[in-house]
Amino acid sequence: TRSTRNPHPIYNFLSYHRLSPLTVPTNIYETLDHPKWRQAMIDEMQALENNGTWELVPFPPGKKNVGCRWVYTIKVGTNGEVDQLKARLVAKGYTQIYGFYYCDTFSPVAKIITVRPFLVMATMRHWPLHQLDIKNVFLHGDLEEEIYMEQPPGFVAQGEYGLVCKLHRSLYGLKQSPRAWFGKFSHIVQLFGLKRSEADHSVFYCH
């Protein structure tokens, strides 16, 4: 007779005692009341300010501004414990109108037909492979369009209620952010002497 009892219950292999009691905030007021989440927002604002992402200006007549919101993430380490609380300011790109806020959004990405031969060649020639991750990558892209954004919720200083953010750098959520970032990256690596492939514009090489 077959037994219906599970010989390997899941609680023998999983444990929830290390899970953090922290939860992702649902509104700005809940976030500002929590010291660690509030500090995460301050760190993000400091990074945006150091990067020269925008300047506060009076709202020009006849223009439309883009909204923004905060997105919160709990980063968990390999041991299951909280590693970092991340707050990111994201523009409401879904409110942008084509032809008014942006035109081109396409950003080249490496084609798999290019990546495979490169990996084969690197393996055959014993080339070292390196990978890098750029922090806040989209914030390095320069905007060509004139875009105004409302001030971040929770960070409007007294006496600045009538001002808006005139964006100089791309921001997460904007339609043109991927293209703006690639334009900046392409320009910088070519200053270092790399050549861009005509067959695949996401590939750069040196002689």
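- Taking CD1 from I147 and NE2 from H168, the interatomic distance works out to 12.0 Å, rounded to the nearest 0.5 Å.
- Two residues are said to be in side-chain contact when any heavy atoms from C-beta on lie closer than 4.5 Å; M41 and L32 meet this criterion.
- Listed by first then second residue, pairs satisfying salt bridge (charged side-chain N to carboxylate O under 4.0 Å, His left out) with a partner in residues 115-133 number zero, not counting sequence neighbours.
- When hydrophobic side chains of Ile, Leu, Val, Met, Phe, Trp and Tyr are connected at separations under 4.5 Å, L129 ends up clustered with I112, V115, F118, L119.
- Although no hydrogens or angles enter the test, the distance criterion places no donor-acceptor pair under 3.5 Å between the side chain of N65 and the main chain of F59.
- Screening residues 84-98 for salt bridge (charged side-chain N to carboxylate O under 4.0 Å, His left out) gives E44-K86 as the qualifying pairs, with residues at least two apart or on separate chains.
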Show which side-chain atoms of residues 183-204 pair as donor or acceptor with protein atoms under 3.5 Å away, not counting sequence neighbours.
| residue | atom | partner | partner atom | Å |
| --- | --- | --- | --- | --- |
| K184 | NZ | H140 | O | 3.3 |
| S186 | OG | Q190 | NE2 | 2.9 |
| Q190 | NE2 | S186 | O | 3.1 |
| S197 | OG | A199 | N | 3.2 |
| S197 | OG | D200 | N | 3.3 |
| D200 | OD1 | S202 | N | 3.1 |
| D200 | OD1 | S202 | OG | 2.7 |
| D200 | OD2 | K111 | N | 3.4 |
| D200 | OD2 | T114 | OG1 | 2.8 |
| S202 | OG | V109 | O | 3.4 |
| S202 | OG | A110 | N | 3.2 |

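- Taking the side chain as every heavy atom from C-beta outward, T53 and R169 approach each other to under 4.5 Å.
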Anything under 3.5 Å between a donor and an acceptor, one on a side chain of residues 66-77, the other on a protein residue two or more places apart or in another chain? List them.
| residue | atom | partner | partner atom | Å |
| --- | --- | --- | --- | --- |
| W70 | NE1 | P153 | O | 3.0 |
| Y72 | OH | T31 | OG1 | 3.2 |

For this session: Could you walk me through whether L48 and L171 pass the side-chain contact (heavy atoms from CB on, under 4.5 Å) test, one step at a time?
Result: CA-CA 9 Å; L48 294 171; L171 200 66; 3.9 Å; yes
For this session: Could you walk me through whether M149 and L89 pass side-chain contact (heavy atoms from CB on, under 4.5 Å), step by step?
Result: CA-CA 12 Å; M149 184 186 74; L89 185 67; 4.2 Å; yes
Exercise. Does the pair L163 and V57 meet the rule for a side-chain contact (heavy atoms from CB on, under 4.5 Å), with working shown?
Worked result: CA-CA 5 Å; L163 303 181; V57 299; 5.9 Å; no
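- Cluster annotation: L143 and Y94 are assigned to distinct hydrophobic clusters (Ile/Leu/Val/Met/Phe/Trp/Tyr, side-chain heavy-atom contacts under 4.5 Å, transitive).
- Counting heavy atoms of neighbouring residues, nucleotides and ligands inside a 6.0 Å radius, atom CD of E144 does not exceed 12 of them.
- No continuous path of hydrophobic side-chain contacts links Y205 to L132 [ILVMFWY only; heavy atoms under 4.5 Å].
- By the 4.5 Å heavy-atom criterion applied to side chains, L56 and V164 are not counted as neighbours.
- Going from atom CZ of F155 over to atom CD of E160 covers 13.0 Å, rounded to the nearest 0.5 Å.
- No side-chain heavy atom of K166 sits less than 4.5 Å from a side-chain heavy atom of W54.
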For this session: Dump the intermediate steps for side-chain contact (heavy atoms from CB on, under 4.5 Å) on D142 and S170, then the final yes or no.
Result: CA-CA 6 Å; D142 297 322; S170 57; over 6 Å; no
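- Considering only residues two or more places apart in sequence or on other chains, E49 meets the side chain to side chain donor-acceptor pair (under 3.5 Å) condition with none of them.
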